[in-house]
Amino acid sequence: MTAAELLDSLVFDRDGLIPAIAQQHDSGEVLMLAWMNRAAIDETLSTGRVCYWSRSRKSLWRKGETSGQVQRLVEFRVDCDNDCLLLLVDQKGVACHTGRRNCFFTAIRDGKAETIAEVVVDPAKLYGA
């Protein structure tokens, strides 16, 4: 199967989106979950810089375009049902808009929600707020 045939077989939701998990390529750390449409996939594969679809802004979102916290694509993977993507990336800086390394910083431990990762970079510095 060619890459083009694989991309043509992807299963997008009714809004034309597919979930994409970003994982740090060398450590295995799960960084974030976002959404991609076909245009975001095509741009990511052609440029090597990860691009998502912003559901809130309804536009392409080039990771790091405002914060500088860019994701470089190392490997593009598709799950067994062709309905979810795994992007192995090299993350520059933090991945989360809260200034944490990843978006999964809340855990339930002993029946309580607990913050398990501190802010690394003040979000105001990332976004000029």
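Small disclaimer: the values here were computed from a predicted structure and weren't measured.
Contact of the C96 side chain with the V94 side chain is not registered, since no non-hydrogen atoms from C-beta on lie closer than 4.5 Å. Two residues are said to be in side-chain contact when any heavy atoms from C-beta on lie closer than 4.5 Å; H97 and Y127 meet this criterion.
Scored by the salt bridge (charged side-chain N to carboxylate O under 4.0 Å, His left out) test, R14 finds no partners at all (sequence neighbours excluded). Qualifying side-chain hydrogen bond (donor to acceptor under 3.5 Å, both in side chains) partners for S9, counting only residues two or more places apart in sequence or in other chains: N82. In terms of the side chain to side chain contact (heavy atoms under 4.5 Å, CB included) criterion, residue partners of R57 (sequence neighbours excluded) are, by chain and number, S54, S59, W61, E65. By the side chain to side chain contact (heavy atoms under 4.5 Å, CB included) test, T47 pairs with E43, R49, sequence neighbours left out. For D8, the salt bridge (charged side-chain N to carboxylate O under 4.0 Å, His left out) partners two or more places apart in sequence, or in a different chain, are R38. The side chain to side chain contact (heavy atoms under 4.5 Å, CB included) search around E118 returns none, not counting sequence neighbours. The side chain to side chain contact (heavy atoms under 4.5 Å, CB included) search around T115 returns R100, F105, not counting sequence neighbours. When the side-chain hydrogen bond (donor to acceptor under 3.5 Å, both in side chains) test is applied to Q71, the partners found at least two apart in sequence or on another chain are Y52, Q91.
The minimum heavy-atom distance linking A95 with C103 is given by the pair O-SG, 4.4 Å. Taking all atoms of both residues into account, the shortest heavy-atom contact from P123 to G99 is CG-N, 4.2 Å. Closest of all the heavy-atom pairs between T44 and C51 is OG1-N, 2.9 Å. Between I116 and T106 the shortest heavy-atom distance is CG1-N, 4.4 Å.
Residue pairs satisfying the salt bridge (charged side-chain N to carboxylate O under 4.0 Å, His left out) criterion with at least one member in residues 74-85, sequence neighbours excluded, are listed as follows: E75-R77.
When the options D90, L87, V89 are evaluated for a side-chain contact (heavy atoms from CB on, under 4.5 Å) with V74, the one that passes is D90.
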Would you be so kind as to tabulate the donor-acceptor pairs closer than 3.5 Å made by side chains of residues 25-35, with sequence neighbours excluded?
from	atom 1	to	atom 2	distance (Å)
D26	OD1	Q24	NE2	2.9
S27	OG	E29	N	3.2
E29	OE1	R101	NE	3.1
E29	OE2	N102	ND2	2.8

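Residues L45 and F12 fall within the same hydrophobic cluster, defined by Ile, Leu, Val, Met, Phe, Trp and Tyr side chains chained together at heavy-atom separations under 4.5 Å. A continuous path of ILVMFWY side-chain contacts below 4.5 Å connects V50 to I18, so both sit in one hydrophobic cluster. At a threshold of 4.5 Å between side-chain heavy atoms, the hydrophobic network of Ile, Leu, Val, Met, Phe, Trp and Tyr places L86 and L73 in two separate groups. No single ILVMFWY cluster, assembled from side-chain heavy atoms under 4.5 Å apart, contains both L17 and I41. Each of L85 and F104 belongs to its own hydrophobic cluster when Ile, Leu, Val, Met, Phe, Trp and Tyr are linked at side-chain heavy-atom distances under 4.5 angstrom.
Summarising the geometry, atom CG belonging to L126 is positioned 7.5 Å from atom CG belonging to D122; distances are rounded to the nearest 0.5 Å. Here CG of L7 is found 5.5 Å from CZ of F76. Values are rounded to the nearest 0.5 Å.
Judged by distance alone, with hydrogens and angles left aside, the side-chain atoms of Q69 form no donor-acceptor pair with the main-chain N or O of G64 at under 3.5 Å. A donor-acceptor contact shorter than 3.5 Å links the side chain of N37 to the backbone of A39. No donor-acceptor pair under 3.5 Å is formed between the side chain of K63 and the backbone N or O of R72.
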